Engineer: 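I'd like to ask some things about the structure below.
Proteins come first, then strands; the chains are lettered A, B, ... in the order of their sequence lines, and each starts at number 1. Remember, it's a predicted structure, so these values are computed and weren't measured experimentally.
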Amino acid sequence: MSETNNTSSNFIKNIIKEDIATGKHDEIVTRFPPEPNGYLHIGHAKSIVLNFEIADEFGGKTNLRFDDTNPLKEDKEYVDSIKDDIEWLGYEWDGLKFASDYFEEMYDRAVLLIKKGLAYVEDMSQEEIREYRGTLKEPGKESPSRSRSVEENLDLFERMKNGEFGNGEKVLRAKIDMSSPNINMRDPVIYRISHATHHNTGDKWCIYPMYSFAHPLEDAIEGVTHSICTLEFEDQRPLYNWVVENCEMEAKPQQIEFARLNLTNTVMSKRKLKQFVDENFVDGWDDPRMPTISGFRRRGFTPESIKLFCREIGVAKSDNTVDVRMLEHFIREDLKLKAPRTMSVLHPLKVVITNYPEGEVEWLDADINPENEEMGTRKIPFSREIYIEKSDFMENPPKKYFRLFPGNEVRLKHAYFIKCNDVIKDENGEVVEIHCTYDPETKSGTGFTGRKVKGTLHWVEATNAKEAEFRLYDSLILDEKSGDDFLEQVNPKSLEVANGFVEPNMTEAKGNDKFQFFRHGYFNVDPKDTTEDKLVFNRIVELKSSFKL
RNA sequence: UGGGCUAUAGCCAAGUGGUAAGGCAACGGAUUUUGAUUCCGUCAUGCGCAGGUUCGAAUCCUGCUAGCCCAGCCA
């Protein structure tokens with residue numbers, strides 16, 4: 001993966017370089033630690049790219065570790081989707097781990113803490129614990145349970161494990177400092193009782209470790225050298241270090257926090273995305289409008305484009321909102337040389353070429369990608385009747401309109417010049433057909449230079465055209481400044497469905513094939529809804545355009 | 001004075017005492033059988049603000065200001 005080394009440095013790489021230079025570590029170990037309670041999104045991709053490529057760059061390892069310490073929220077379905085998404089991005093993890101693999105050891109470490117007088121079983125209710133915790137500005141109070149003997153704590157904790165108590169009756173707390181200015185240090189809960197079936201360990205356990213206790217242990221057990229997480233965990237770092245230290249872990253992983261990704265016109269929280277799914281604003285977690293990895297995949301984004309984007313946005317500690325147009329830039333960039341060019345008409349308008357012989361069809365040569373000649377050529381039919389784009393004709397055009405209008409001549413891509421002579425309208429005055437004449441002298445490829453035209457139009461020959469559905473996407477969210485009422489910011493026009501035509505050879509297209517439709521943009525064959533008789537195309541991104549009507 | 005963190009262009013971001021990289025966006029112009037691509041050019045006398053140290057400060061010091069995070073038996 002040598003493509004990873006062309007990006008500028010960031011503060012995390014600088015820390016690692018320093019750690020290698022000083023001999024603190026010989027080998028770098030990172031991990032990507034998702035909780036299997038939802039689908040991965042583009043923000044996770046930033047973390048995946050960071051963790052995997054940093055280890056790769058410095059010759060280390062990266063584990064995929066599921067942080068499955070809360071059976072109420074987690075599910076194997078998510079484990080599978082997460083693995084799929086990471087593989088699709090093109091990364092291979094070194095170890096496949098589960099926090100639940102370490103439940104036994106975590107339990108032992110908790111017992112160690114109790115023996116050292118650094119943890120105790122709490123009798124108080126959740127409400128009481130909260131009251132005793134104090135507030136942001138006032139210190140907390142010590143619980144009566146805090147002074148329990150080691151023996152009693154040991155006994156109680158074992159009975160917790162054995163299922164003698166119901167949910168919420170007891171918790172295990174670390175004994176740290178109830179008056180700490182950092183609330184995380186005010187005797188945090190490290191084990192709770194939850195009589196629930198775990199996707200991995202079944203009913204073996206009814207007590208589960210909390211994140212703040214489990215995570216540092218998991219990292220230390222795996223020998224993770226740099227535990228990279230997001231900014232909201234910064235306040236937990238003292239607790240993280242406390243756990244590693246007092247549980248007498250051999251490895252001393254270092255937690256480093258970076259700012260999570262925000263995108264304009266996008267919501268990124270799992271809660272909100274889940275709401276879109278549950279309330280049917282979208283078609284599911286992989287709806288092409290969703291910022292999930294699976295949504296981008298179905299939309300037609302390539303792994304490479306997402307990785308290029310993640311490398312380019314950088315890694316820092318300041319809150320940020322990246323312009324989604326930057327992501328769009330990288331998919332255009334990636335597909336430019338890869339995607340075959342083809343012509344499609346999304347909103348058809350029939351054109352009759354009155355001086356072209358009836359019943360005759362000629363097959364024209366067309367290059368598949370003018371920027372990548374190795375892709376070769378294709379044949380496209382041409383005849384007396386074709387379809388052009390509705391927006392490529394105006395009866396009364398404004399200045400600088402280069403397309404078709406009465407009396408004007410334009411080029412049909414790969415074919416001939418045509419000139420508009422007549423406009424046919426229906427009873428409502430709507431244009432339904434255009435009559436043109438063509439000039440045989442102007443055939444593409446013959447080197448005709450007799451006269452010039454300003455516009456070149458795409459088109460599809462009518463009798464051989466294949467019907468297709470086009471899904472034209474716009475952002476799901478109109479304005480990124482959205483609070484709890486973000487549903488009010490939902491774009492009612494995030495999806496427009498058009499029914500039109502594609503070239504006849506497109507019948508061979510398969511799910512996830514990507515094309516550039518001339519003058520429209522890049523499209524992906526929808527892998528779910530495309531059938532033998534109906535092609536469905538998802539618009540990945542439009543071509544840039546300086547044209548304004 | 002609860003604690004933690006952040007501040008460099010419209011948006012990201014490098015920069016770690018030697019005179020503001022790069023990308024996106026935008027705007028000019030050339031080429032163009034995609035109003036695309038490509039190419040060329042423009043875009044911070046300035047680094048949240050105010051002082052100070054220094055021959056020299058985005059970088060060091062002092063004091064402010066603004067924004068984000070923290071009171072789950074979630075992660």
Side-chain angles (χ1 to χ4, degrees), chain A residues 7-11 14 33-35 37 67-70 72-74 122 125-126 129-131 133-140 167-173 180-186 188-194 207-208 210-212 214-215 229-238 257 259 261 264 270 308-309 311-330 332-333 336-337 341 343 367 370-371 400-403 410-415 417 442 444-445 448 452-458 516-521 542-548:
Chain A
T7 316
S8 60
S9 69
N10 62 54
F11 78 100
N14 291 344
E35 181 186 16
N37 69 342
D67 218 345
D68 54 351
T69 57
N70 185 355
L72 263 19
K73 293 189 173 180
E74 294 147 10
E122 175 62 81
S125 69
Q126 188 164 180
I129 290 174
R130 190 184 312 126
E131 282 169 27
R133 186 149 39 219
T135 68
L136 293 178
K137 295 190 177 184
E138 297 157 10
N167 294 348
E169 277 186 46
K170 307 263 186 242
V171 290
L172 185 71
R173 291 230 253 172
S180 171
N182 180 347
I183 285 192
N184 293 298
M185 300 300 270
R186 318 237 264 233
V189 172
I190 58 175
Y191 261 95
R192 80 288 214 177
I193 298 169
S194 182
I207 56 171
Y208 293 92
M210 300 287 291
Y211 166 88
S212 46
H215 206 90
C229 64
T230 43
L231 250 29
E232 67 271 23
F233 292 102
E234 237 164 354
D235 290 340
Q236 300 234 19
R237 194 166 64 227
E257 312 85 10
L261 169 67
T264 54
K270 275 187 193 170
L308 285 167
F309 170 76
R311 290 176 199 130
E312 200 57 37
I313 54 175
V315 177
K317 295 192 71 164
S318 54
D319 292 326
N320 62 84
T321 304
V322 176
D323 195 326
V324 72
R325 288 179 298 183
M326 194 156 160
L327 216 204
E328 295 175 345
H329 165 78
F330 285 106
R332 288 192 194 102
E333 182 76 13
K336 187 171 58 192
L337 298 179
R341 268 52 166 174
M343 295 194 286
D367 43 30
E371 293 174 75
K400 296 224 178 163
Y401 185 81
F402 303 152
R403 285 108 102 136
V410 298
R411 181 195 300 274
L412 292 177
K413 179 74 182 176
H414 299 309
F417 286 11
T442 60
S444 285
F448 174 80
K452 301 234 178 205
V453 288
K454 295 279 251 185
T456 299
L457 307 189
H458 61 275
Q516 188 202 91
F517 289 156
F518 224 75
R519 299 208 298 144
H520 279 306
E542 290 184 90
L543 255 25
K544 282 175 50 168
S545 173
S546 58
F547 175 64
K548 297 172 200 78

Engineer: Between B/rG51 and B/rG46, how far is it from one P atom to the other, in whole Å?
Structural biologist: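 My reading of the P atoms in B/rG51 and B/rG46 gives 14 Å.
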Engineer: Once you apply the 3.5 Å cut-off to both distances, tell me the Watson-Crick or G-U wobble partner of B/rU33, or none.
Structural biologist: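 For B/rU33, the partner nucleotide comes out as none, under the 3.5 Å rule.
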Engineer: Examine B/rU6: is either OP1 or OP2 under 4.0 Å from a nitrogen or oxygen in the side chain of A/Asn320? Give yes or no.
Structural biologist: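 So the side chain of A/Asn320 is outside the cut-off, no N or O lying under 4.0 Å from OP1 or OP2 of B/rU6.
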Engineer: What about A/Arg332: does its side chain form a donor-acceptor pair under 3.5 Å with the base of B/rU37?
Structural biologist: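 Check fails, no donor-acceptor contact within cut-off.
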Engineer: So, OP1 or OP2 of B/rU34: does either fall under 4.0 Å of a side-chain N or O from A/His458?
Structural biologist: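 So the side-chain polar atoms of A/His458 never come under 4.0 Å of the phosphate oxygens OP1 or OP2 of B/rU34.
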Engineer: Look at the side chain of A/Ser444 against the base of B/rU33 and say whether a donor-acceptor pair falls under 3.5 Å; ignore hydrogens and angles.
Structural biologist: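 Side chain to base: pair found, below 3.5 Å.
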Engineer: Which protein N or O atoms sit under 3.5 Å from an N or O of nucleotides 65-71 of chain B?
Structural biologist:
{"from": "B/rC68", "atom 1": "O4'", "to": "A/Asp319", "atom 2": "OD2", "distance (Å)": "3.3"}
{"from": "B/rC68", "atom 1": "O2'", "to": "A/Asp319", "atom 2": "OD2", "distance (Å)": "3.4"}
{"from": "B/rA71", "atom 1": "O2'", "to": "A/Arg133", "atom 2": "NE", "distance (Å)": "3.1"}

Engineer: For B/rG3 and B/rC11, measure between their P atoms and round to the nearest Å.
Structural biologist: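 Nearest-Å result for B/rG3 against B/rC11 at atom P: 31 Å.
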Engineer: May I ask you to verify if any side-chain N or O of A/Ser9 is less than 4.0 angstrom from the OP1 or OP2 atom of B/rG15?
Structural biologist: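 Yes, A/Ser9 has a side-chain N/O under 4.0 Å of OP1/OP2 on B/rG15.
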Engineer: For B/rC74, does either OP1 or OP2 sit under 4.0 Å from a side-chain N or O belonging to A/Arg192?
Structural biologist: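 Yes, within the criterion.
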Engineer: Quick one: is B/rA75 close enough that its OP1 or OP2 comes under 4.0 Å of any side-chain N or O from A/Thr69?
Structural biologist: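 For B/rA75, OP1/OP2 do have a side-chain N/O of A/Thr69 under 4.0 Å.
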Engineer: When you check the phosphate oxygens OP1 and OP2 of B/rC12, does a side-chain N or O of A/Ser318 lie under 4.0 Å from one of them?
Structural biologist: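 Answer is no, no contact under 4.0 Å.
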Engineer: Between A/Glu138 and A/Arg133, does any NZ, NE, NH1 or NH2 come within less than 4.0 Å of an OD or OE carboxylate oxygen?
Structural biologist: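 No salt bridge links A/Arg133 with A/Glu138.
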Engineer: Closest nucleotide of RNA chain B for A/Val189 versus for A/Thr456: which of these residues is on the 5' side?
Structural biologist: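 Between the two, 5'-proximity favours A/Thr456.
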Engineer: Check the phosphate of B/rA25 against A/Lys544, side-chain N and O only, distance under 4.0 Å to OP1 or OP2. Yes or no?
Structural biologist: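 Affirmative; the distance criterion is met.
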Engineer: Between the base of B/rG35 and the side chain of A/Arg403, is there a donor and acceptor pair under 3.5 angstrom?
Structural biologist: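 Check passes, donor-acceptor contact within cut-off.
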Engineer: Please confirm whether any donor atom in the side chain of A/Gln516 sits under 3.5 Å from an acceptor in the base of B/rU34, or the reverse.
Structural biologist: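 Flag set: donor-acceptor pair detected.
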Engineer: Return the pairing partner of B/rA26 with a 3.5 Å limit on both distances, Watson-Crick or G-U wobble; otherwise return none.
Structural biologist: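 Because both required distances fall under 3.5 Å, B/rA26 counts as paired with B/rU42.
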Engineer: Is any side-chain N of the basic residue among A/Glu328 and A/Lys544 closer than 4.0 Å to the acidic one's carboxylate O?
Structural biologist: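 Salt bridge flag = no for A/Lys544 with A/Glu328.
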Engineer: Sequence neighbours left out, what passes ring-ring contact (aromatic ring centres under 6.0 Å, His included) with A/His215? Give chain and number order.
Structural biologist: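 A/His215 satisfies ring-ring contact (aromatic ring centres under 6.0 Å, His included) with A/Tyr211 once adjacent residues are dropped.
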Engineer: Looking only at side-chain atoms of A/Glu35, point me to the closest of B/rU33, B/rA75, B/rG23.
Structural biologist: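 Looking only at heavy atoms from C-beta outward on A/Glu35, the closest nucleotide is B/rA75.
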